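Below, each value reflects all heavy atoms present in this structure, side chains not excepted, and no hydrogens, waters or symmetry copies. As the structure is a computational prediction, the values presented were derived from the model and not from experiment.
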Amino acid sequence: MAGTTTIATLRNVVAMVQLVERVMTRAPTLPGMACFYGPSGYGKSHAATYAANTFDAYYVEAESTWTRGAFCEAICLELGLEPRGRIDQMVRDIYRELAATGRPLFIDEADHVIARGLIEIARDIHQKSDAPVILIGEENLPRKLMKWERVHGRMMPPVAAEPGTLSDLNLLAEIYCPDVSISEDLKARLLSDSHNSIRRICMNLHDLRLFAQRQGLRHVDGDDWGNASFFGGQAPQPRGLK
(Lines give C-alpha, C1' and ligand atoms only; values in the text may rest on other atoms or scores of the structure.)
Protein backbone atom coordinates (compact mmCIF):
# COMPACT_ATOMS: atom_id res chain seq x y z
CA MET A 1 0.00 0.00 0.00
CA ALA A 2 2.85 2.36 0.88
CA GLY A 3 4.45 1.61 -2.50
CA THR A 4 1.23 2.51 -4.32
CA THR A 5 0.99 5.77 -2.38
CA THR A 6 4.61 6.57 -3.25
CA ILE A 7 4.12 5.90 -6.97
CA ALA A 8 1.05 8.14 -6.99
CA THR A 9 3.18 11.17 -6.10
CA LEU A 10 5.87 10.72 -8.76
CA ARG A 11 5.58 13.75 -11.00
CA ASN A 12 5.09 11.81 -14.25
CA VAL A 13 2.35 9.75 -12.62
CA VAL A 14 0.68 12.97 -11.50
CA ALA A 15 1.01 14.39 -15.03
CA MET A 16 -0.53 11.27 -16.58
CA VAL A 17 -3.43 11.23 -14.13
CA GLN A 18 -4.13 14.91 -14.78
CA LEU A 19 -4.07 14.29 -18.55
CA VAL A 20 -6.63 11.50 -18.26
CA GLU A 21 -8.81 13.61 -15.95
CA ARG A 22 -8.76 16.42 -18.52
CA VAL A 23 -9.85 14.09 -21.32
CA MET A 24 -12.45 12.31 -19.20
CA THR A 25 -14.10 15.57 -18.08
CA ARG A 26 -13.89 17.40 -21.41
CA ALA A 27 -16.89 19.20 -22.85
CA PRO A 28 -18.89 17.08 -25.34
CA THR A 29 -17.68 19.15 -28.30
CA LEU A 30 -13.96 18.75 -27.49
CA PRO A 31 -11.72 16.02 -28.93
CA GLY A 32 -11.06 12.97 -26.80
CA MET A 33 -7.67 11.76 -27.99
CA ALA A 34 -4.43 12.67 -26.26
CA CYS A 35 -0.82 11.57 -26.00
CA PHE A 36 1.72 11.21 -23.23
CA TYR A 37 5.24 11.16 -24.62
CA GLY A 38 8.88 11.16 -23.67
CA PRO A 39 12.20 9.33 -23.93
CA SER A 40 12.53 5.70 -22.97
CA GLY A 41 13.15 5.24 -19.25
CA TYR A 42 11.12 8.24 -18.04
CA GLY A 43 8.51 6.03 -16.41
CA LYS A 44 5.70 6.51 -18.93
CA SER A 45 4.47 2.93 -18.80
CA HIS A 46 4.49 2.90 -15.00
CA ALA A 47 2.50 6.14 -15.04
CA ALA A 48 0.09 4.68 -17.60
CA THR A 49 -0.38 1.50 -15.56
CA TYR A 50 -1.17 3.51 -12.44
CA ALA A 51 -3.59 5.75 -14.36
CA ALA A 52 -5.22 2.72 -16.00
CA ASN A 53 -5.92 1.24 -12.57
CA THR A 54 -7.14 4.59 -11.27
CA PHE A 55 -9.61 5.17 -14.11
CA ASP A 56 -10.45 1.51 -14.83
CA ALA A 57 -9.08 1.99 -18.32
CA TYR A 58 -8.51 -0.64 -20.97
CA TYR A 59 -4.79 -1.00 -21.66
CA VAL A 60 -3.00 -2.50 -24.66
CA GLU A 61 0.71 -2.44 -25.45
CA ALA A 62 1.37 -2.33 -29.18
CA GLU A 63 3.96 -4.58 -30.78
CA SER A 64 6.23 -3.91 -33.74
CA THR A 65 4.88 -6.90 -35.69
CA TRP A 66 1.18 -6.12 -35.39
CA THR A 67 -1.02 -6.15 -38.45
CA ARG A 68 -4.43 -4.44 -38.56
CA GLY A 69 -6.03 -7.70 -37.56
CA ALA A 70 -3.63 -8.31 -34.68
CA PHE A 71 -4.23 -4.77 -33.40
CA CYS A 72 -8.00 -5.24 -33.38
CA GLU A 73 -7.74 -8.70 -31.85
CA ALA A 74 -5.60 -7.38 -28.99
CA ILE A 75 -8.10 -4.63 -28.21
CA CYS A 76 -11.01 -7.09 -28.40
CA LEU A 77 -9.32 -9.40 -25.91
CA GLU A 78 -8.58 -6.52 -23.54
CA LEU A 79 -12.26 -5.52 -23.71
CA GLY A 80 -13.33 -9.09 -22.98
CA LEU A 81 -14.69 -9.58 -26.50
CA GLU A 82 -14.22 -12.61 -28.70
CA PRO A 83 -12.33 -11.50 -31.84
CA ARG A 84 -14.50 -12.51 -34.76
CA GLY A 85 -15.12 -11.75 -38.38
CA ARG A 86 -13.49 -9.13 -40.54
CA ILE A 87 -11.51 -6.14 -39.25
CA ASP A 88 -14.46 -3.79 -39.72
CA GLN A 89 -16.63 -6.13 -37.64
CA MET A 90 -14.07 -6.19 -34.83
CA VAL A 91 -13.78 -2.39 -34.92
CA ARG A 92 -17.56 -2.15 -34.67
CA ASP A 93 -17.59 -4.50 -31.67
CA ILE A 94 -14.83 -2.45 -30.03
CA TYR A 95 -16.47 0.95 -30.38
CA ARG A 96 -19.84 -0.37 -29.27
CA GLU A 97 -18.29 -1.83 -26.12
CA LEU A 98 -16.38 1.38 -25.38
CA ALA A 99 -19.49 3.47 -25.94
CA ALA A 100 -21.41 1.22 -23.56
CA THR A 101 -18.83 1.23 -20.77
CA GLY A 102 -17.51 4.79 -21.09
CA ARG A 103 -14.07 3.55 -20.07
CA PRO A 104 -10.93 5.04 -21.68
CA LEU A 105 -8.56 3.09 -23.90
CA PHE A 106 -4.79 3.40 -23.39
CA ILE A 107 -2.48 2.39 -26.24
CA ASP A 108 1.12 2.09 -25.07
CA GLU A 109 4.09 1.88 -27.47
CA ALA A 110 1.95 3.90 -29.84
CA ASP A 111 4.91 4.59 -32.14
CA HIS A 112 4.39 1.04 -33.44
CA VAL A 113 0.76 1.88 -34.20
CA ILE A 114 1.88 4.77 -36.37
CA ALA A 115 4.74 2.86 -38.00
CA ARG A 116 2.40 0.02 -38.96
CA GLY A 117 -0.28 2.36 -40.34
CA LEU A 118 -2.81 1.46 -37.64
CA ILE A 119 -3.45 4.92 -36.24
CA GLU A 120 -6.57 5.50 -38.36
CA ILE A 121 -8.17 2.48 -36.67
CA ALA A 122 -7.55 4.15 -33.30
CA ARG A 123 -9.17 7.31 -34.65
CA ASP A 124 -12.18 5.36 -35.94
CA ILE A 125 -12.60 3.72 -32.54
CA HIS A 126 -12.55 7.09 -30.77
CA GLN A 127 -14.82 8.81 -33.27
CA LYS A 128 -17.48 6.10 -33.22
CA SER A 129 -17.44 5.50 -29.45
CA ASP A 130 -16.55 9.01 -28.17
CA ALA A 131 -14.42 7.16 -25.59
CA PRO A 132 -11.10 8.73 -24.57
CA VAL A 133 -8.13 7.21 -26.40
CA ILE A 134 -4.74 7.93 -24.83
CA LEU A 135 -1.58 7.24 -26.81
CA ILE A 136 1.69 6.66 -24.93
CA GLY A 137 4.95 6.77 -26.84
CA GLU A 138 8.42 8.12 -27.43
CA GLU A 139 9.70 11.68 -27.69
CA ASN A 140 8.78 12.19 -31.35
CA LEU A 141 5.22 10.85 -31.03
CA PRO A 142 3.53 14.29 -31.26
CA ARG A 143 5.50 15.09 -34.43
CA LYS A 144 4.62 11.76 -35.98
CA LEU A 145 0.94 12.40 -35.28
CA MET A 146 1.09 15.68 -37.20
CA LYS A 147 1.44 13.68 -40.42
CA TRP A 148 -2.03 12.21 -39.84
CA GLU A 149 -4.21 15.32 -40.13
CA ARG A 150 -7.50 13.62 -39.25
CA VAL A 151 -5.93 12.15 -36.12
CA HIS A 152 -3.94 15.22 -35.14
CA GLY A 153 -7.08 17.38 -35.36
CA ARG A 154 -8.72 15.27 -32.66
CA MET A 155 -5.83 15.44 -30.20
CA MET A 156 -5.79 17.46 -26.99
CA PRO A 157 -2.47 19.22 -26.26
CA PRO A 158 0.22 16.56 -25.70
CA VAL A 159 1.76 16.11 -22.27
CA ALA A 160 5.47 15.39 -21.90
CA ALA A 161 7.00 13.01 -19.38
CA GLU A 162 9.73 14.90 -17.52
CA PRO A 163 13.20 13.82 -16.33
CA GLY A 164 13.43 12.34 -12.86
CA THR A 165 14.15 14.73 -10.00
CA LEU A 166 15.65 14.43 -6.54
CA SER A 167 12.11 14.36 -5.21
CA ASP A 168 11.35 11.37 -7.46
CA LEU A 169 14.55 9.68 -6.29
CA ASN A 170 13.54 10.12 -2.65
CA LEU A 171 10.15 8.58 -3.33
CA LEU A 172 11.61 5.68 -5.28
CA ALA A 173 14.16 5.03 -2.54
CA GLU A 174 11.22 4.13 -0.27
CA ILE A 175 10.46 1.25 -2.65
CA TYR A 176 13.85 0.11 -3.94
CA CYS A 177 16.08 0.98 -1.00
CA PRO A 178 13.72 1.15 2.01
CA ASP A 179 16.07 0.01 4.76
CA VAL A 180 19.09 2.13 3.84
CA SER A 181 19.52 5.87 4.25
CA ILE A 182 21.52 7.64 1.54
CA SER A 183 23.56 10.80 1.96
CA GLU A 184 22.56 13.84 -0.07
CA ASP A 185 25.86 13.91 -1.96
CA LEU A 186 25.43 10.28 -3.04
CA LYS A 187 21.83 10.92 -4.11
CA ALA A 188 23.07 13.75 -6.31
CA ARG A 189 25.66 11.43 -7.90
CA LEU A 190 23.10 8.70 -8.46
CA LEU A 191 20.69 11.13 -10.11
CA SER A 192 23.42 12.59 -12.34
CA ASP A 193 24.87 9.22 -13.34
CA SER A 194 21.35 7.95 -14.11
CA HIS A 195 20.87 10.91 -16.47
CA ASN A 196 17.54 11.54 -14.71
CA SER A 197 16.06 8.32 -16.15
CA ILE A 198 13.45 6.88 -13.80
CA ARG A 199 14.27 3.34 -14.92
CA ARG A 200 18.00 3.78 -14.23
CA ILE A 201 17.32 5.50 -10.90
CA CYS A 202 15.37 2.40 -9.87
CA MET A 203 18.13 0.04 -11.03
CA ASN A 204 20.82 2.05 -9.27
CA LEU A 205 18.85 2.23 -6.03
CA HIS A 206 18.47 -1.54 -6.19
CA ASP A 207 22.24 -1.96 -6.66
CA LEU A 208 22.93 0.47 -3.82
CA ARG A 209 20.74 -1.57 -1.51
CA LEU A 210 22.61 -4.76 -2.43
CA PHE A 211 25.91 -2.97 -1.78
CA ALA A 212 24.72 -1.83 1.64
CA GLN A 213 23.59 -5.36 2.51
CA ARG A 214 26.95 -6.86 1.50
CA GLN A 215 28.81 -4.23 3.53
CA GLY A 216 26.45 -4.43 6.50
CA LEU A 217 25.59 -0.73 6.24
CA ARG A 218 22.39 1.04 7.23
CA HIS A 219 23.64 4.36 5.83
CA VAL A 220 25.65 4.86 2.64
CA ASP A 221 27.52 8.01 1.68
CA GLY A 222 29.94 9.00 -1.03
CA ASP A 223 32.97 7.71 0.87
CA ASP A 224 31.33 4.29 1.30
CA TRP A 225 30.48 4.09 -2.41
CA GLY A 226 33.91 5.25 -3.48
CA ASN A 227 34.82 6.19 -7.03
CA ALA A 228 32.47 3.76 -8.72
CA SER A 229 29.90 5.24 -11.08
CA PHE A 230 26.26 4.32 -11.11
CA PHE A 231 24.89 2.77 -14.29
CA GLY A 232 23.99 5.39 -16.86
CA GLY A 233 23.29 3.22 -19.88
CA GLN A 234 26.74 3.45 -21.43
CA ALA A 235 28.02 0.46 -23.33
CA PRO A 236 31.26 -0.96 -21.96
CA GLN A 237 34.49 -0.21 -23.78
CA PRO A 238 35.58 -3.02 -26.12
CA ARG A 239 38.04 -5.36 -24.48
CA GLY A 240 41.38 -5.90 -26.12
CA LEU A 241 41.66 -9.47 -27.33
CA LYS A 242 45.06 -11.11 -27.45
Out of curiosity, does Leu208 fall in the hydrophobic cluster containing Leu171 (side-chain heavy atoms, cut-off under 4.5 Å, transitive links)? yes
Looking at every heavy atom in both Met24 and Pro132, which two are closest together, and how far apart are they? SD-CG, 3.6 Å
Correct closest heavy-atom pair for Ile198 and Gly43 would be CB-N, 4.1 Å
Are the side chain of Ser197 and the backbone N or O of Gly41 linked by a donor-acceptor pair below 3.5 Å? yes
Side chains of Ile201 and Asp168, heavy atoms from C-beta outward: is any pair under 4.5 Å? no
Show your working on side chain to side chain contact (heavy atoms under 4.5 Å, CB included) between Met155 and Leu135 and close with a plain yes or no. CA-CA 10 Å; Met155 301 292 297; Leu135 307 175; 4.3 Å; yes
Leu30 side, atom CG; Arg22 side, atom CZ - distance, nearest 0.5 Å: 11.0 Å
Joint cluster assignment, Ile134 & Leu118, ILVMFWY side-chain distance < 4.5 Å: no
Stepwise side chain to side chain contact (heavy atoms under 4.5 Å, CB included) test for Asn12 and Tyr50: CA-CA 11 Å; Asn12 283 333; Tyr50 181 89; over 6 Å; no
Linked, directly or transitively: Leu141 and Ile136 (ILVMFWY side chains, under 4.5 Å): no
Would a distance-only check, ignoring hydrogens and angles, find a side-chain to backbone donor-acceptor pair under 3.5 Å from Gln89 to Arg86? yes
Verify the neighbour count for atom CZ of Arg26: are there more than 12 heavy atoms of other residues, nucleotides or ligands below 6.0 Å? yes
Note, Phe106 side chain near Val20 side chain (heavy atom, < 4.5 Å): yes
Keeping the roles fixed (side chain from Asp224, backbone from Asp221), state whether a donor-acceptor pair exists under 3.5 Å. yes
Among Lys144, Lys44, Arg116, exactly one meets salt bridge (charged side-chain N to carboxylate O under 4.0 Å, His left out) together with Asp111. Which residue is that? Lys144
Quick one: do Val220 and Gln215 satisfy side chain to side chain contact (heavy atoms under 4.5 Å, CB included)? Show the steps, please. CA-CA 10 Å; Val220 181; Gln215 300 298 320; over 6 Å; no
Would Val23 end up clustered with Tyr95 when hydrophobic side chains under 4.5 Å apart are linked, directly or stepwise? no
Is there a side-chain contact between Lys128 and Val91 (heavy atoms, below 4.5 Å)? no
Which atom of Cys177 lies closest to which atom of Arg209, heavy atoms considered: SG-CB, 3.7 Å
Worked check of side chain to side chain contact (heavy atoms under 4.5 Å, CB included) between Val133 and Leu98: CA-CA 10 Å; Val133 175; Leu98 287 174; 5.5 Å; no
CZ/Arg68: more than 12 non-hydrogen atoms of other groups inside 6.0 Å: no
Is the count of non-hydrogen atoms from other residues, nucleotides or ligands lying under 6.0 Å from His219 atom NE2 greater than 12? yes
So, does Glu138 use its side chain to make a donor-acceptor pair with the main chain of Ser40 at under 3.5 Å? yes
Is there side-chain contact between Asn196 and Thr165, with at least one heavy-atom pair below 4.5 Å? no
I'd like to know if the side chain of Thr49 and the backbone of Ser45 have a donor-acceptor N/O pair within less than 3.5 Å. yes
Hey, are the side chains of Ile7 and His46 touching, using non-hydrogen atoms and a 4.5 Å cut-off? no
Side chains of Asp93 and Arg84, heavy atoms from C-beta outward: is any pair under 4.5 Å? yes
Rounded distance (nearest 0.5 Å) linking atom CD1 of Ile125 with atom CD1 of Ile94: 4.5 Å
Joint cluster assignment, Ile119 & Tyr59, ILVMFWY side-chain distance < 4.5 Å: no
Is it true that, when you exclude His112 itself, more than 12 heavy atoms of the residues, nucleotides or ligands shown sit nearer than 6.0 Å to its NE2? yes
Is Trp148 close to Arg123 at the side-chain level, that is, under 4.5 Å between some pair of heavy atoms? no
Minimum heavy-atom distance Asn204-Ser194, with the two atoms named: ND2-OG, 2.8 Å
Mind checking whether Phe230 and Trp225 have parallel, tilted or perpendicular rings, split at 30° and 60°? parallel
Any chance you could measure Cys72, atom SG, to Asp88, atom CG, to the nearest 0.5 Å? 9.0 Å
Contact between Met203 and Arg200 at the side-chain level, heavy atoms closer than 4.5 Å - yes or no? yes
Minimum heavy-atom separation for Pro31 and His126, please, with both atom names. C-NE2, 4.4 Å
Smallest heavy-atom separation, Ala161 atom then Gly38 atom, equals CB-CA, 4.4 Å
